[in-house]
Structures are given as structure tokens and as C-alpha cells.
Number of protein chains: 2
Amino acid sequence: MLRVNKLTDYAVVVLCDLLRGQALRSAADLSASSGVPLPTVSKILKQLTKAEILQSVRGANGGYGFARRPEVISMTEVIESLEGPIAVTGCVEDSGECCALTDQCPMSGHWNAVNTAIRQSLNDVRLIDMLPESRFMEPTDLVGSIVARHTLALQAQEGEPNR
Amino acid sequence: MLRVNKLTDYAVVVLCDLLRGQALRSAADLSASSGVPLPTVSKILKQLTKAEILQSVRGANGGYGFARRPEVISMTEVIESLEGPIAVTGCVEDSGECCALTDQCPMSGHWNAVNTAIRQSLNDVRLIDMLPESRFMEPTDLVGSIVARHTLALQAQEGEPNR
DNA sequence: CAGATACTGTACTGTTTTGGTCCTGTATAT
DNA sequence: ATATACAGGACCAAAACAGTACAGTATCTG
Ligand code: FES
Ligand code: FES
């Protein structure tokens, strides 16, 4: 049904959890507060880190935090980091394979239309759009406050507001 | 990777095949000309018929044809007919279930944002957009000619240009 | 009416993907 | 040193999927 992985689902839960709270939270901590079992949370966090959505700090008092300001993170990135490039079929370019009927296939690459359509719309949904505003203050202040808290807490280290 | 079923993939191939050719084609015929094995094609056609995208005629000289003019068929319909309602997670309304963490879930239903985003963009892609124009004439004439051929061939029977 | 054609519905099975867990290794703080 | 935490990868059970098969029904041809 055009489903997103369960892991991706969890990822958003965890990320939202991380969005309000200390800048650095351990996997165990996030597991407890989100209800997702530790090994699973761990797996997710590792992948998000590799995708440079999160950053990690090892050792005692270590944990995970956002690698950049959360409001620049789109759902495309979150989804792609958990399940690889968005490619509705094998026939979409840069996804290697083509379907078994390559030769006679009447529409080489036309799935791209569908694909880019989806990707496009996903780009417009940001991670913070998944947050229930109710738990914060006025929507208008929402972004500002999160950013403030996190960018402060993210003990400097960089900026790269890429994209 | 947010993949669509392989069956859905095939469905589009077959539908495109059906888009150029007689109005009524048997499953065997479509199988031969598309390269997709008969039992599989059959399965697909049955589902498309149930979704009222195609219509079927039983008996000798029977077969499948479009149930309505092809240019009003969106990819949303095609996809949904093959894999049920588009619902990226179990948490989307009218898809029954909610994820295991229902109670503490920090964003009840916020996947809806993603969901409608996808559905919206999919609505803008029509089946005929999947056709390789190259096999026809000028893109400008494309829609018109297909429509002409098929509406003629569709031996009247109705109109319902719904949506 | 007989026989052939072609769709309908459903059930079954092998394969692939996914979800979830665990274990070994490495980095950091106290 | 030792405890804390992340990193990476291997592993297995469960679920979803792809593909096939078959018994049933409708319709056309002659
Ligand atoms: S082989 Fe690429 S669309 Fe079918
Ligand atoms: S329980 Fe519905 S979003 Fe998690």
C-alpha cells in the first residue's frame, strides 16, 4: 500500500521526541521516553547518524543530537535515510535495475514522473511538521523556540545550513 | 524504498499496451504482447476490473477494455486498485490500526500530512502520462487521438466522465 | 444444444523483505 | 581502570509478495 517502513515510522517518533528535550540524549533514554525498544531505537539512530541527520557523541554522557537545525530537515531525507533512495520501481533511473521486460517495455523510465511527483511533495513536508503543535506554544513561536533551544544546545561545532 | 508492488508495475505496462490496440483484448493476447506471464496478467486484469478501471466481457471473443476514457484515469486509482488505499503508515486515518505506541505517540495522525502530500501529487499523474509519446504522433495530438480511438472503440455503453 | 473461449474467485506455495535482536569492537569521561 | 555509549555487522523469525493453479461461470459460434 505504498507503505513506509515501520522503522521509518519509529524514526519519526524518536526524532520528534528528540526535538523536545536535551540536545544530547542517549539511545537508552530515547527508548524509554518513546516506548520503542532499545535495540530498535539504536538501529534507527545509527542510520540517521550515517545520513547526517543526527550526530553522535561516544563515551560516557554521550548520545545523539541533531546534526543541523531541525527545521531544515525534510521528510524526504528522513525516509531516504531509512530506506534508501525513493524509487517506486526498479525502472527509475539511478536505481540500477530495470524490470524483467526491459526490451519490450513500452515506457522506459516513465515511472520517473510518478517518482519525482512523490519526491517533490515529500520535500515540502518538514520533520517539524510532524510535531503536534499543541505540546508547544503558539505555532508562530514554534520554530523559533525549537531552533533556539537546539542550536544553543548543539554546542556550536558547525553550521552548514545546507539546503 | 517506498516501492510500489511489482504487480502495479506490470499493471501499468499492460494498461499502456491496452491503450494502443483494439478496445477489447483477451488476457492471453495482452500477455503475449506485453511479455508478462498469463496467470499474472490475468490476476492484474481481474483486480483492475474490480476497481472499475477496466471492464470485462466474458465468453468467446471476450476480453478487457477500459471502463472509461483513459485520460481521466489517475495513477492514484491504478495504484490503489492494486495495493489498497494509499497509507504510508498504519497511523493514517481510515486505515484502521495505529502503531504499537498509540498512547504515548507524540504525533497522532501527523503522518496524514505526508500521506495527503503523496496522494495529491499522484493525482496529477494520469495513466496516459506513462505512455512514451515517441510511439505516437506529436504530443499535442496525443491525447486527442487516443481518446478518439478508444471512445469510438468503446462501443458507447456509457459516459460517466467522473472526476 | 454442444463445444470452445475467456473471465471469476479463491486457495496455495516458495521466495523475498522486513522487523527485531544480539554480539563484538571502539571511543570517551571520570 | 572502569563504566558508559555508540558502531558495525550478523542473524533469525515473521510477514508480505509474486506467481501459479484450478474449479466455476458466462458467452459466443455453429
Ligand atoms: S523496463 Fe523500465 S519501465 Fe519497464
Ligand atoms: S500511534 Fe498513530 S502516529 Fe503513532
Side-chain angles (χ1 to χ4, degrees), chain A residues 1-11 13-14 18 22-32 34-65 67 79 82-84 87-90 97 99-101 155, chain B residues 1-11 13-14 18 22 24-32 34-65 67 79 82-84 87-90 97 99-101:
Chain A
M1 309 154 192
L2 214 64
R3 282 254 160 122
V4 88
N5 284 350
K6 220 167 181 181
L7 283 200
T8 308
D9 191 352
Y10 289 161
V13 175
V14 172
L18 190 56
Q22 277 68 50
L24 223 51
R25 313 265 305 274
S26 74
D29 183 10
L30 284 167
S31 164
S34 70
V36 182
L38 176 56
T40 304
V41 164
S42 209
K43 189 180 197 168
I44 294 168
L45 291 171
K46 278 182 245 177
Q47 289 184 260
L48 289 172
T49 303
K50 193 144 48 184
E52 297 187 298
I53 288 174
L54 298 182
Q55 67 182 109
S56 65
V57 177
R58 285 190 171 192
N61 297 324
Y64 293 92
I79 292 177
L82 269 301
E83 28 196 308
V88 288
T89 72
E97 314 240 7
C99 75
L101 315 159
Q155 70 251 103
Chain B
M1 308 151 197
L2 214 63
R3 282 254 162 123
V4 89
N5 283 351
K6 219 168 181 180
L7 284 199
T8 308
D9 192 352
Y10 290 160
V13 176
V14 171
L18 190 57
Q22 278 67 49
L24 223 50
R25 313 265 305 275
S26 73
D29 184 9
L30 284 167
S31 164
S34 69
V36 182
L38 177 56
T40 304
V41 164
S42 210
K43 189 180 198 169
I44 293 167
L45 291 171
K46 278 181 246 177
Q47 289 184 262
L48 289 172
T49 304
K50 192 144 47 183
E52 296 186 300
I53 288 174
L54 298 182
Q55 68 183 107
S56 66
V57 176
R58 286 189 171 192
N61 298 323
Y64 295 91
I79 292 177
L82 270 300
E83 30 196 306
V88 289
T89 71
E97 314 241 5
C99 76
L101 315 160

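Order of the sequence lines fixes the chain letters, A, B, ..., with proteins taken first and strands second; residue numbering starts at 1 for each chain.
Looking at B:Ile53, B:Leu45, B:Ile44 one by one, the single match for side-chain contact (heavy atoms from CB on, under 4.5 Å) with B:Tyr64 turns out to be B:Leu45.
In this structure, B:Glu83 contributes its side chain and B:Asn5 its backbone to a donor-acceptor pair below 3.5 Å. A donor-acceptor pair is defined here as one N or O able to donate and one able to accept, closer than 3.5 Å; such a pair exists between the side chain of B:Ser31 and the backbone of B:Val36.
Here the shortest heavy-atom pairing between A:Arg25 and A:Leu18 reads CG-CD1, 3.3 Å. The shortest non-hydrogen separation linking A:Ala67 to A:Glu52 is CB-O, 3.5 Å. For the pair B:Ala11 and B:Leu48, the tightest heavy-atom approach, listed with the atom from each and the gap, is CB-CD1, 4.4 Å.
Rounded to an integer number of Å, the gap from B:Leu24 CG to D:dT27 P is 13 Å. When the P atom of D:dA15 is taken as reference, atom CG of A:Asn5 falls 16 Å away, rounded to whole Å. As rounded to whole Å, 12 Å separates atom P of C:dC7 from atom CZ of B:Arg25. If you measure from atom CD1 of A:Ile44 to atom P of D:dG8, you get 16 Å, rounded to the nearest angstrom. Put simply, CG on A:Leu45 is 9 Å from P on D:dA7, counting in whole angstrom units. Look at CG on B:Leu2: it is 11 Å from P on C:dT18, rounded to the nearest Å. C:dG19 atom C1' lies 12 Å from atom CD of A:Gln47, rounded to whole Å.
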In 5'-to-3' order, the base (B), backbone-only (S) or no-contact (-) status of each nucleotide in nucleotides 20-30 of chain C, using a 4.0 angstrom heavy-atom cut-off, is BB----BBBSS

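B:Ala27 comes within contact range of the sugar-phosphate backbone alone, with a heavy-atom separation under 4.0 Å but no base atom that close.
At the phosphate of C:dT8, OP1 or OP2 sits under 4.0 Å from a side-chain N or O atom of B:Ser56.
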